[in-house]
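Excluded from the calculations below are hydrogen atoms, water molecules and symmetry mates; all remaining heavy atoms, backbone and side chain alike, are included. Protein chains get the first letters and strands the later ones, always in sequence-line order, with residue 1 at the start of each.
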4 protein chains.
Amino acid sequence: MQSPKQPIGRPRENRVDAAIRAAVRELVPRVGYAGLTMDAIAAEAGIGKAAIYRRHTSRGELVFSVLVHGRKTRSLPDTGTLAGDLTALADLILGIFTDPVTAAATPGLLADLQQQPDIAARFQERFVAEERALISALLERARQRGELAAAADPVLVHAAVLGTAYAWLFLLAQPPTPALASRIAALGEAAARGH
Amino acid sequence: MQSPKQPIGRPRENRVDAAIRAAVRELVPRVGYAGLTMDAIAAEAGIGKAAIYRRHTSRGELVFSVLVHGRKTRSLPDTGTLAGDLTALADLILGIFTDPVTAAATPGLLADLQQQPDIAARFQERFVAEERALISALLERARQRGELAAAADPVLVHAAVLGTAYAWLFLLAQPPTPALASRIAALGEAAARGH
Amino acid sequence: MQSPKQPIGRPRENRVDAAIRAAVRELVPRVGYAGLTMDAIAAEAGIGKAAIYRRHTSRGELVFSVLVHGRKTRSLPDTGTLAGDLTALADLILGIFTDPVTAAATPGLLADLQQQPDIAARFQERFVAEERALISALLERARQRGELAAAADPVLVHAAVLGTAYAWLFLLAQPPTPALASRIAALGEAAARGH
Amino acid sequence: MQSPKQPIGRPRENRVDAAIRAAVRELVPRVGYAGLTMDAIAAEAGIGKAAIYRRHTSRGELVFSVLVHGRKTRSLPDTGTLAGDLTALADLILGIFTDPVTAAATPGLLADLQQQPDIAARFQERFVAEERALISALLERARQRGELAAAADPVLVHAAVLGTAYAWLFLLAQPPTPALASRIAALGEAAARGH
DNA sequence: CGGTAATCGAGACGGTACGTCTAGTCTTAAA
DNA sequence: TTTAAGACTAGACGTACCGTCTCGATTACCG
């Protein structure tokens with residue numbers, strides 16, 4: 001009987017994973033998602049292409065892993081009010097979208113998701129579901145406080161907050177403003193209240 | 001002094017433009033934006049690749065032209081209420097996003113916009129500015145009716161309606177529901193009222 | 001009933017023929033046979049491509065026509081001796097091969113002949129047969145003078161003189177020397193005498 | 001100090017070189033030199049185009065390599081007489097020129113040599129110099145036998161034998177005859193004797 | 001401690017699309 | 001009907017990238 005965590009042969013080097021991650025984060029802002037080639041990543045990281053494909057099945061999966069893996073699991077503080085919680089959420093999302101690496105990679109990554117159902121599924125599981133959980137929690141807190149009468153639809157709140165931020169930055173190409181988070185939060189609140 | 005419409009040599013054939021457009025609309029839903037190759041377009045259209053490159057500088061510019069050119073200039077009816085006008089707007093946007101061709105091409109097209117400033121500029125001029133004008137007009141109508149007290153920010157309304165629709169369909173991968181347009185319109189109204 | 005030499009419509013301009021010829025002779029030494037494109041010829045000549053194709057069926061036929069047409073019909077003087085006649089022949093051939101335009105075009109032209117039987121036939125008729133006639137004539141003169149006993153093979157004499165000159169210049173890449181013509185003539189004489 | 005035979009990475013496969021060579025030899029007689037495309041070679045060989053360009057810089061270099069590499073290094077027997085040695089040489093050259101592959105490729109290859117000095121240099125080194133050495137050797141043998149009085153010019157002998165064979169087959173388009181080699185050898189002897 | 005097995009960097013492999021170029025044909029308005 | 005200009009189809013060019021494979025060398029565990 002063999003232990004599940006006892007692979008034979010030479011073990012993988014963490015150094016390689018780190019080098020891949022660093023190379024992607026270095027290259028994406030410089031050459032964009034479309035210009036991000038596997039050869040360039042391997043060269044930048046000083047490793048072989050096979051070492052990448054041993055860890056990732058495709059370029060989309062690679063970039064997704066790098067972007068998601070680098071993020072610490074997020075949590076939102078209980079600010080005591082629905083408006084405050086939603087502003088914190090909007091701040092979190094805007095922070096992700098305005099990070100240079102994420103900003104450069106996101107549109108290209110979303111394009112890949114349309115073609116690769118497996119990565120799309122992972123995106124839903126890792127990214128969407130996690131944010132959804134945060135939203136469901138803050139809505140539940142608001143209901144218990146009495147700020148919300150009936151059950152709000154977390155999907156619509158999610159779409160309102162995430163989508164408005166995305167459209168502002170990537171579709172309308174507007175620069176982020178200091179008041180943006182609270183304005184988006186107000187939309188989220190409207191979505192929660194359903195009026 | 002030369003007339004602006006006096007080109008010499010053989011004029012370009014409209015047949016070719018039409019064939020390119022038809023081929024793109026045929027291929028995009030079938031193979032996706034990423035799988036849309038210039039060779040395949042030329043073969044499907046029964047034309048030479050040079051005829052494409054004579055008209056379009058890149059694949060992104062080509063798809064953008066096809067998608068935008070095909071659209072008739074849109075207008076919104078005056079429904080008599082802000083809510084009605086915004087629902088018509090949301091219907092319009094959802095109609096664009098759920099069209100099979102647009103749906104398959106949009107994420108990839110937006111990814112290309114990040115890398116090609118000239119196309120991004122045309123996208124802003126042709127697509128964003130046109131929708132913005134519709135929004136500004138309906139907001140002005142609402143103000144004259146007395147539905148809106150002060151001046152609303154058309155950019156935020158735009159981001160709310162466009163972004164929520166985009167996120168619902170492409171980020172959260174939710175199917176469109178019958179009530180979606182009116183729910184999005186409610187968000188747009190909240191953005192207009194600023195609360 | 002229509003006269004055979006009475007074409008209707010606008011007559012062809014000799015200017016165009018001259019411009020084509022001049023353009024080819026200008027371009028061939030500069031860009032070589034391989035770099036000689038129809039577009040470049042048309043641009044250099046300041047004419048349309050259709051005007052070229054109205055006169056010539058292909059690029060090979062065009063260059064062949066220009067090179068052969070430009071030559072005046074050649075004749076050889078009766079020097080009084082077989083050696084003298086053959087030296088004059090060798091001089092003639094070396095003159096053709098060392099002309100800058102002919103030198104640059106000849107190898108490429110011969111390559112085309114392998115693929116295009118119609119031009120190969122014209123080459124045999126116009127170029128080979130004409131030289132063959134000169135050789136047959138000078139051999140007949142030598143026979144009548146008594147310099148040659150029996151009938152010599154004009155084909156072998158032709159191959160000896162033409163081939164040695166061609167090989168010297170194009171295969172062995174040797175520079176022409178003052179004595180070359182008389183040395184080649186000696187080989188022609190040996191071919192004529194059959195020893 | 002590094003060993004000359006220490007390449008890193010995956011070594012090139014001899015199978016690929018062999019497949020390229022076989023494809024060229026298969027295609028050249030069928031489609032001619034002008035019709036020999038890199039795509040067709042790659043398809044016929046069942047390899048990628050990159051594998052060809054990794055080994056050869058141009059089509060001319062490729063065909064030249066294939067034709068020269070396939071040939072075993074040639075040598076001539078000492079037949080005991082100058083006439084015999086030259087007949088063997090003429091036979092050798094006629095054998096090369098009448099080989100289907102060489103016959104189809106030679107004129108096109110020579111045309112390319114005019115434009116590509118590097119290949120022309122290799123042609124001189126590998127092909128011309130090798131034949132020249134054979135000629136110099138047989139002339140020296142004849143001198144030691146007493147068949148030749150003074151020093152003969154090997155270049156003229158070379159031009160006479162090589163050029164007459166080339167002109168007979170490719171310029172005059174004559175079929176080879178049984179007596180051709182000895183007739184060409186007689187011309188070579190005349191070139192050697194200088195009369 | 002020697003054998004087994006998976007790793008490493010490097011780069012060749014087949015395949016495919018790119019954007020450019022050329023050949024030869026066709027179409028325009030003007031002459 | 002010819003002219004200059006230039007668009008047209010077809011297809012080859014040489015480059016670049018993908019994802020896989022192969023090399024010699026390395027690095028762990030196993031017996």
Side-chain angles (χ1 to χ4, degrees), chain A residues 6-13 15-16 19 34-40 42-43 45-59, chain B residues 6-13 15-16 35-43 45-59, chain C residues 7-13 15-16 19 34-40 42-43 45-60, chain D residues 6-13 15-16 19 34-43 45-59:
Chain A
Q6 195 56 276
I8 57 177
R10 176 175 175 176
R12 294 191 181 171
E13 299 181 20
R15 169 183 65 85
V16 172
L36 188 70
T37 69
M38 299 306 256
D39 290 88
I47 60 172
K49 279 202 292 176
I52 303 177
Y53 283 104
R54 216 170 280 126
R55 292 163 169 79
H56 305 283
T57 60
S58 68
R59 190 178 61 152
Chain B
Q6 191 55 280
I8 53 179
R10 177 177 176 176
R12 295 191 181 170
E13 298 183 19
R15 169 184 66 83
V16 172
L36 188 72
T37 70
M38 300 305 251
D39 290 88
I41 296 170
I47 60 172
K49 277 200 291 177
I52 303 178
Y53 283 105
R54 211 173 281 124
R55 291 163 168 78
H56 305 284
T57 59
S58 67
R59 192 179 58 155
Chain C
I8 58 177
R10 175 175 173 176
R12 291 192 182 173
E13 300 180 18
R15 168 184 66 83
V16 173
L36 188 73
T37 70
M38 299 307 258
D39 289 88
I47 61 172
K49 278 202 293 177
I52 303 178
Y53 281 104
R54 212 170 282 123
R55 292 163 169 80
H56 304 281
T57 59
S58 69
R59 190 179 64 147
Chain D
Q6 192 57 277
I8 54 180
R10 177 176 175 177
R12 296 189 180 170
E13 298 182 21
R15 170 184 66 83
V16 172
L36 187 72
T37 70
M38 299 305 250
D39 289 88
I41 296 171
I47 60 173
K49 277 202 291 178
I52 302 178
Y53 283 105
R54 215 172 278 128
R55 292 165 167 78
H56 304 284
T57 58
S58 68
R59 191 178 58 155

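The two atoms that bring C:Ala19 and C:Ala45 nearest to each other are O-CB, 3.6 Å, heavy atoms only. The two residues A:Gly48 and A:Ala42 come nearest to each other via the heavy atoms C-CB, 4.2 Å.
Between D:Arg55 atom CZ and E:dC13 atom C1' there is a gap of 9 Å when expressed in whole angstrom units. One can place CD of D:Glu13 at 11 Å from C1' of F:dC23, the figure rounded to the nearest angstrom. Between the CD1 atom of A:Ile52 and the P atom of F:dT20 there is a distance of 12 Å, rounded to whole Å.
A distance of 8.5 Å separates CD1 in B:Ile52 from NZ in B:Lys49, rounded to the nearest 0.5 Å.
With hydrogens and angles ignored, no donor-acceptor pair under 3.5 angstrom links the side chain of D:Arg10 to the base of F:dT22.
For D:Ala40, the side-chain contact (heavy atoms from CB on, under 4.5 Å) partners are D:Leu27, D:Thr37, not counting sequence neighbours.
The phosphate of F:dT2 has OP1 or OP2 within less than 4.0 Å of a side-chain N or O from C:Arg12. Within the structure, a side-chain polar atom (N or O) of C:Arg54 is placed less than 4.0 Å from OP1 or OP2 of F:dT3. Distances shorter than 4.0 Å separate some side-chain N or O of C:Arg15 from OP1 or OP2 on F:dA4.
Checked by atom type and distance alone, the side chain of B:Arg55 never pairs as donor or acceptor with a backbone atom of B:Arg12 at under 3.5 Å.
With the nearest nucleotide of DNA chain F identified for both D:Pro11 and B:Pro11, B:Pro11 has the one nearer the 5' end.
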Quick tally for nucleotides 15-21 of chain E: nucleotides whose base has a protein heavy atom under 4.0 Å get B, sugar-phosphate-only ones S, the rest -, giving S-SSBB-
